[in-house]
Amino acid sequence: MSRIRIATLVTELGAGGDEHRSLEFARCLDQDRFEHLMISIAAPDPAQALRAGPVAGGYRELGVRCLSLGVERRWEGRPLPRPLPLAREGLQTARLARALGRLLRRERIDVLDARTHYAIAVGLLGARLGAVPVVMGTEYCDPFWSREPWRSTAPAIFDGLDVLVSDSRWAIEELRRRLGRPLAHAAVVPHGMEPPAAELDRRSVREGLGLPTASGIRVVAQIGRLVPSQGHRVFLDAAARVARALPDVYFLLCGQPGSDRAYVAELQTFARTLGVAGRVRITGYAGPIGDVWNAVDVHAHAALSDASPLGLYESMALGLPAVVTAVGGVPELLSDGVTGLLVPPGDAAALTGGLLRLLGDPRLAQRLGAAARRRHRQWHRPEVMTRALEDLMRAALDRRRGGPGAQAPQEDRGRPMALRGAVR
């Protein structure tokens with residue numbers, strides 16, 4: 001039997017949660033049954049080489065071909081309210097779809113996996129022009145689809161997909177609510193990833209981050225993009241309260257800044273206002289993220305809104321105890337009091353209480369961390385994610401061809417949703 005030919009379409013080979021999800025899929029794909037091709041809408045940009053390097057380099061190491069439609073800048077489908085710019089945007093999309101269709105036909109692709117936002121719009125059109133049997137869209141809950149012209153076209157686009165995949169039931173339900181569509185072919189496949197590896201020892205990392213290296217010092221950290229939706233002000237408020245009670249605890253906010261470069265300076269000012277600047281480090285890190293986790297004792301995730309945060313998968317994989325806000329799909333990953341502590345978003349007092357509870361009860365912290373690691377090993381390994389995605393692709397292709405897998409997979413209530421397939 002010939003291998004199923006899959007093409008993954010992305011806007012650009014950047015660095016982020018979905019990009020790493022795609023890379024793990026490529027790494028674990030069954031090479032005896034599938035053949036894989038990566039396509040990016042945007043051409044590689046030398047100015048973004050550092051940002052894209054780990055992901056693009058990862059595909060090269062796997063021997064996955066990476067092609068591009070050649071757009072010279074990052075295309076984000078920006079809202080363009082005037083008629084003429086809207087028409088130009090439509091023309092650009094049509095040109096890209098035609099080019100993609102030719103490429104897909106030439107490569108004899110069986111399944112197109114369009115990864116999020118604009119790639120889904122271009123991918124669906126291009127796949128139809130290229131006579132691709134199955135189009136899978138991977139999407140999270142993003143404001144992209146609330147902006148014109150995409151808000152008006154979103155219902156038709158999502159109805160045209162053979163499979164819609166997301167990483168949490170919450171994200172699927174939120175998309176249903178926003179689009180006003182049933183999304184009958186939606187499925188949840190949680191993220192799968194290896195535990196992040198460290199290159200440096202704990203002492204060296206702490207020294208490099210400006211944290212104390214003395215024995216007995218504990219570090220509470222939130223790791224992820226430095227953007228307002230991640231609730232860093234709530235984290236700092238809680239840090240100030242914990243610092244007054246526990247003099248041996250330091251705090252770390254580590255991640256890349258978003259488009260608002262002033263935000264990091266605002267956080268530093270807020271830490272000084274709270275009188276906790278000497279106990280807080282706010283920084284990025286150029287090395288592997290496993291190094292940073294190696295310096296951490298307790299994970300705090302204070303997000304005000306989130307879907308299925310990559311940092312939570314990482315801390316679960318490493319067996320770290322965590323206090324996390326119960327937003328988006330987080331309650332689908334952690335069970336309160338079993339694999340972590342869940343607190344309401346925006347509630348610094350509740351976050352403080354959770355941190356003091358873990359820091360004051362090492363046995364509880366160890367028990368929650370160990371349970372989180374067991375859950376990760378069972379459900380969130382990259383092999384588990386990849387097999388679930390392979391099953392969805394094969395079933396969708398069988399439905400198109402009337403083969404033995406023509407029936408949509410049924411929910412198994414003994415497992416996290418849609419490791420078996422379709423959301424009902």
Side-chain angles (χ1 to χ4, degrees), residues 8-11 16-22 24-25 77 113-121 123-124 135-147 150-151 154-155 157-193 224-225 227 229-231 301 303-314 316 324-335 340 342 345 375-376 379-380 382 384-386 388-389 392 396 408-409 411 413 415-424:
T8 297
L9 178 69
V10 297
T11 304
D18 185 71
E19 288 82 357
H20 284 89
R21 179 180 171 100
S22 301
E24 291 287 5
F25 171 76
D113 178 18
R115 314 292 298 203
T116 76
H117 315 346
Y118 189 60
I120 290 179
L124 181 62
V135 185
M136 174 185 285
T138 300
E139 185 57 278
Y140 313 101
C141 194
D142 190 271
F144 177 90
W145 298 105
S146 65
R147 304 190 299 251
W150 310 112
R151 179 170 56 191
I157 290 172
F158 280 84
D159 283 351
L161 297 174
D162 295 281
V163 186
L164 171 64
V165 177
S166 195
D167 57 358
S168 69
R169 179 189 288 273
W170 171 84
I172 293 293
E173 295 301 334
E174 188 66 11
L175 280 167
R176 283 174 172 157
R177 184 187 66 80
R178 292 186 184 184
L179 297 174
R181 315 300 290 178
L183 301 178
H185 300 296
V188 177
V189 178
H191 192 63
M193 61 169 296
R225 292 190 69 208
V227 294
S229 65
Q230 295 303 291
H301 191 74
L304 305 176
S305 63
D306 216 329
S308 190
L310 186 63
L312 184 50
Y313 287 99
E314 292 172 341
M316 290 174 67
V324 186
T325 50
V327 295
V330 168
E332 300 170 45
L333 292 175
L334 286 187
S335 299
L342 297 180
R375 178 179 172 86
H376 178 272
W379 300 122
H380 303 303
V384 176
M385 175 193 72
T386 302
L389 292 171
L392 288 170
E411 175 182 346
R413 296 188 182 276
R415 301 186 178 190
M417 195 51 227
L419 289 175
R420 294 286 300 172
V423 173
R424 298 299 183 195

*Worked verdict on Glu19 versus Val10 for side-chain contact (heavy atoms from CB on, under 4.5 Å)*: CA-CA 8 Å; Glu19 288 82 357; Val10 297; 5.9 Å; no
Please confirm whether the backbone N or O of [Y] pairs with a side-chain atom of [X], one donor and one acceptor, at under 3.5 Å?
X      : Y      : value
His191 : Pro309 : no
Gln230 : Gly224 : no
Asp162 : Val135 : yes

Atom of [X], atom of [Y] and distance for their closest heavy-atom approach:
X      : Y      : answer
Arg176 : Ala186 : NH2-CB, 4.2 Å
Leu161 : Met136 : CD2-C, 4.5 Å
Leu9   : Ala119 : CD2-O, 3.3 Å
Ala307 : Asp167 : CB-OD1, 4.5 Å
Trp170 : Gly328 : CD2-CA, 3.3 Å
Gly329 : Ser168 : CA-CB, 3.9 Å

Apply side chain to side chain contact (heavy atoms under 4.5 Å, CB included) to [X] and list each qualifying residue two or more places apart in sequence or on a separate chain.
X      : value
Ser335 : Val338, Thr339
Ser229 : Val227, Ser305
Pro331 : Ala326, Leu342
Thr325 : Ala303, Val327, Val343, Pro345

Not counting sequence neighbours, which residues clear side chain to side chain donor-acceptor pair (under 3.5 Å) with [X]? List them please.
X      : value
Trp145 : Glu139
Ser22  : Arg115
Thr8   : His36
Glu174 : Arg177, Arg178

Could you state the interatomic distance from [atom1] ([X]) to [atom2] ([Y]), rounded to the nearest 0.5 Å?
X      : Y      : atom1 : atom2 : value
Leu183 : Leu175 : CG    : CG    : 6.5 Å
Tyr313 : Arg375 : OH    : CZ    : 9.0 Å
Asp113 : Leu389 : CG    : CG    : 7.0 Å
Phe158 : Leu124 : CZ    : CG    : 10.0 Å
Phe144 : Thr11  : CZ    : OG1   : 7.5 Å
Leu310 : His301 : CG    : NE2   : 10.0 Å

Q) Quick one: are Met193 and Met385 in side-chain contact, heavy atoms under 4.5 Å? A)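 They are not in contact (no side-chain heavy atoms under 4.5 Å apart), so the answer is no.
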Item to complete: Could you check if a side-chain atom of Val165 sits within less than 4.5 angstrom of a side-chain atom of Arg21, using non-hydrogen atoms only?
Response: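 Contact flag for Val165/Arg21 side chains = yes.
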Note to self: Going by ring-ring contact (aromatic ring centres under 6.0 Å, His included), name the residues that satisfy it together with Tyr140, two or more places apart in sequence or in a different chain.
What the structure shows: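 Scan of Tyr140 (ring-ring contact (aromatic ring centres under 6.0 Å, His included), adjacent residues dropped) gives none.
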